Structures are given as structure tokens and as C-alpha cells.
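Naming: A, B, ... by sequence-line order, numbering from 1 per chain. Values in this document were obtained by computation on a predicted structure and should not be read as measured data.
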Amino acid sequence: MSCADVTVLKLNTKGTKVRRDIELALPRSFYARDPVRVAHELLGKILVRRGAKSIRTARVVEVEAYLRERDLAAHSAAGQTLRNAVLFGPPGHAYVYFIYGNHYCLNISCEPEARAGCVLVRALEPLLGVEEMARARQIQLKDTSTGELKRLTSGPGRLAEAFGITRSGDNGADLTDTKSGLWVTRSDFKVDKIIATPRIGITKSADLPLRFVIAGNPFVSGKKTILPRQGCL
DNA sequence: ATATCGATTATCT
DNA sequence: GATAATCGATATG
């Protein structure tokens, strides 16, 4: 499973490391669709953060869709404000907001023409740059077991911290342009089954089944018994 | 194992 | 002034 995707860095004939899919961001057309569709297809894709001399990647394993119509939990529900302006812009941009005085959360705008739907990224499976994620989270990893890695990126606030995502730094970033330093790329990973559940932590429109997770993936947020797993580093 | 609660601040009413 | 798309710590069975 996860170990296979670490080979997004492969060796060419000269033995030099070359980047394959990582440098190709998903196109804007991917995001210019309804949020439920985008949410589904985002599962299994890979979020990439490039710094000056480092790269962090992780697989998307949990998302939530927020709709423009009949969804009172969406930040866009009450219309455009300064905070949510990105949602009313073109698709494929990062909407980053600050919550509970502590955490940032990453959304991706979707739908054509300012319809203000989006997808919240809720959990990732760490792939490359695990040590930098741990640094960003100020966590000392005891090992590379699933249980330890899960602490890095399992939850919207956690993954934002692990990837160094902030409102000042990333709100409005174009995720279809690798020059932004933050983008999403394709993966050969096959998502066998998607499970839909109500969304987490909301009070309005709380019954809609708009949270989507990769069935059985241990990096999905929430408490759960972790099966023992061999380290990946 | 689950339950409850405090932290901390941008944003909106 | 109240609320919030969370997290981590503490308490309790």
C-alpha cells in the first residue's frame, strides 16, 4: 500500500533521482465540477508541498464536501465575505481559514463560475518528508509505525500544520500551478471503496452524508484500533 | 475504552 | 459578544 507510492521518486538509467508525476498538478478542469464529485476523486490523490530544498507528499484519505446550495454548514452559505472570498473565485484554489484560535484548515475551491462549493481535506497518509512533517508538528516520532505517522496528518488541523499551511501563506494559492509550492498530483493508487458519513464538528446541515473516506485506511481521522504495520522508511 | 473540557483568536452579528 | 469545518490533555468506568 503506502510503501509502493514512495516510488514516485524513481531512478533513471544514470542512477539519478528524477521526479515523475510529482511535478504535474491536477488541471483546473478537475476542480471545475460539483464538490461531491471532486471530493470522491480527490481520495487517493497526492498533496505536494515543495519548500526551498525539501518536499513533502501525502495521500488524501479523507475529505468533506461543502455545497453552495442547501448546505448551511458551508462557509459560503451566507454569501461572500472577506474571509471566504476565495470560494467565490475560480476553482482549484486553496481556501485556508483559521479555527478555534488554534488551527488552520485547507479547502479547495471547486465548481465552475464562482458557485462557491469546496472540499475540506481532513486526513492524509504521509509518504515523503515524514521527518519534516514531524518537525513542523513539533512531534518526536518514536518509530515509523502507522500509529505514530497517524499523529502527523490525521485531522484537518494536523495536516495543515504538518504541511506548513497558513492563511497568510497559502490562502488563495493556485493549486493547479506548481509554482505555488502547494498542489495535488495524480496517483496509481486504487481506491477500492469509499465510505460516506456525516461531516465532523458541524451543527448546521449536520445530517448530510458529505464526508468521504477510503474504506479501511488507517490514516483516516478519529480513534480506531490500529493494525500493526511494518515501517516505511 | 469513552467523555468532557480548555486553549485562543478571526470573523461575523 | 458569541461562535467556530479542532486538538490534546485530563478525568472516569
Side-chain angles (χ1 to χ4, degrees), chain A residues 31 34-36 38-40 42-43 47 58 60-89 91 93-111 115-124 126 133-142 147-173 175 195-213 218-228:
Chain A
Y31 301 101
D34 82 86
V36 172
V38 176
H40 272 84
L42 227 29
L43 292 175
L47 183 69
V60 179
V61 300
E62 174 180 347
V63 292
E64 287 177 358
Y66 286 85
L67 314 178
R68 177 60 172 138
E69 310 285 343
R70 289 179 294 283
D71 182 2
L72 297 178
H75 283 186
S76 57
Q80 184 170 349
T81 65
L82 193 58
R83 176 175 72 153
N84 65 20
V86 172
L87 296 178
F88 291 81
H93 287 254
Y95 166 52
V96 181
Y97 66 90
F98 190 59
I99 189 71
Y100 294 117
N102 286 291
H103 310 288
Y104 293 99
C105 294
L106 171 67
N107 298 257
I108 308 178
S109 63
C110 8
E111 300 194 297
R115 291 200 56 222
C118 69
V119 173
L120 168 68
V121 183
R122 283 195 54 89
L124 305 172
M133 295 181 206
R135 260 198 308 281
R137 293 266 296 125
Q138 306 192 55
I139 280 178
Q140 290 280 350
L141 287 178
K142 298 199 308 280
E148 281 293 287
L149 294 180
K150 181 170 174 174
R151 298 197 293 148
L152 296 175
T153 51
S154 176
R158 288 171 169 181
L159 73 88
E161 186 171 43
F163 271 62
I165 294 168
T166 63
R167 179 167 166 85
S168 62
D170 300 288
N171 188 51
L175 301 186
I195 294 177
T197 80
R199 294 171 293 184
I200 305 288
I202 58 172
T203 56
K204 291 168 284 191
S205 299
D207 48 331
L208 301 176
L210 293 176
R211 171 176 175 259
F212 306 108
V213 307
F219 294 92
V220 166
S221 72
K223 307 173 183 176
K224 207 188 289 185
T225 307
I226 304 292
L227 299 171

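Taking OG1 of T153(A) as the reference point, atom CG of L47(A) lies at 10.0 Å (rounded to 0.5 Å). Going from atom CG of N84(A) over to atom CG of N171(A) covers 10.0 Å, rounded to the nearest 0.5 Å. Separation of atoms OH (Y66(A)) and CG (D71(A)) is listed at 7.5 Å; rounding is to 0.5 Å.
We find that CG of N84(A) is positioned 12 Å from P of dA5(C), with the value rounded to whole Å. Between K150(A) atom NZ and dT6(C) atom C1' there is a gap of 15 Å when expressed in whole angstrom units. A straight line from CG of L87(A) to C1' of dA5(C) spans 12 Å, rounded to a whole angstrom. Rounded to an integer number of Å, the gap from R211(A) CZ to dT6(C) C1' is 14 Å. With rounding to whole Å, L152(A) atom CG is found 10 Å from dG8(C) atom P. Straight-line distance from the OH atom of Y104(A) to the C1' atom of dT11(B): 13 Å, rounded to whole Å. Between the CG atom of L120(A) and the C1' atom of dT6(C) there is a distance of 11 Å, rounded to whole Å. K223(A) has its NZ atom 14 Å from the P atom of dT6(C), to the nearest Å.
Judged by atom type and distance alone, Y97(A) reaches the base of dA5(C) through a side-chain donor-acceptor pair under 3.5 Å.
Using a 4.5 Å heavy-atom threshold, the side chains of L141(A) and L152(A) count as touching. No side-chain heavy atom of I195(A) sits under 4.5 Å from any side-chain heavy atom of F212(A).
Distances were taken from every side-chain heavy atom of F98(A) (C-beta onward) to each of dA10(B), dT8(B), dA5(C); the shortest belongs to dA10(B). The side chain of I200(A) lies closest to dT6(C), out of dT6(C), dA5(C), dG8(C). When each of dG8(C), dA4(C), dT11(B) is scored by its nearest atom to the side-chain atoms of I99(A), the top-ranked nucleotide is dA4(C). Of the candidate nucleotides dA4(C), dT11(B), dA5(C), dT11(B) has the atom nearest to the side chain of R167(A). Considering only the side chain of N102(A), dA7(B) comes nearest among dT11(B), dA7(B), dA5(C). Of the candidate nucleotides dG8(C), dC7(C), dA5(C), dA5(C) has the atom nearest to the side chain of Y95(A).
The aromatic rings of Y97(A) and H75(A) sit perpendicular, their planes meeting at an angle over 60°, well past the 30° parallel limit.
For the pair E64(A) (side chain) and I200(A) (backbone), a donor-acceptor distance under 3.5 Å is present. Put simply, the side chain of R199(A) gets close to the backbone of S205(A): a donor and an acceptor are under 3.5 Å apart.
Residue order along DNA chain C, read from the 5' end via each residue's closest nucleotide, puts I202(A) first among I139(A) and I202(A). Nearest-nucleotide assignment on DNA chain B puts the 5′-proximal partner with H103(A), out of H103(A) and Q80(A).
In DNA chain C, consecutive stretches of 3 or more Watson-Crick or G-U wobble pairs with both distances under 3.5 Å are given as paired ranges: B:1-7 with C:6-12, B:9-12 with C:1-4.
As judged by a 4.0 angstrom heavy-atom cut-off over every strand, G157(A) is placed among residues touching the sugar-phosphate backbone only. Among the protein residues, R83(A) comes within range of the sugar-phosphate backbone only, with heavy atoms under 4.0 Å from sugar or phosphate atoms but none that close to a base.
Neither OP1 nor OP2 of dC7(C) sits under 4.0 Å from any side-chain N or O of R151(A). OP1 or OP2 of dA4(C) sits under 4.0 Å from a side-chain N or O of T203(A).
Taking a centre distance below 5.5 Å and an interplanar angle below 30 degrees as the stacking criterion, Y66(A) stacks against the six-membered base ring of dA5(C).
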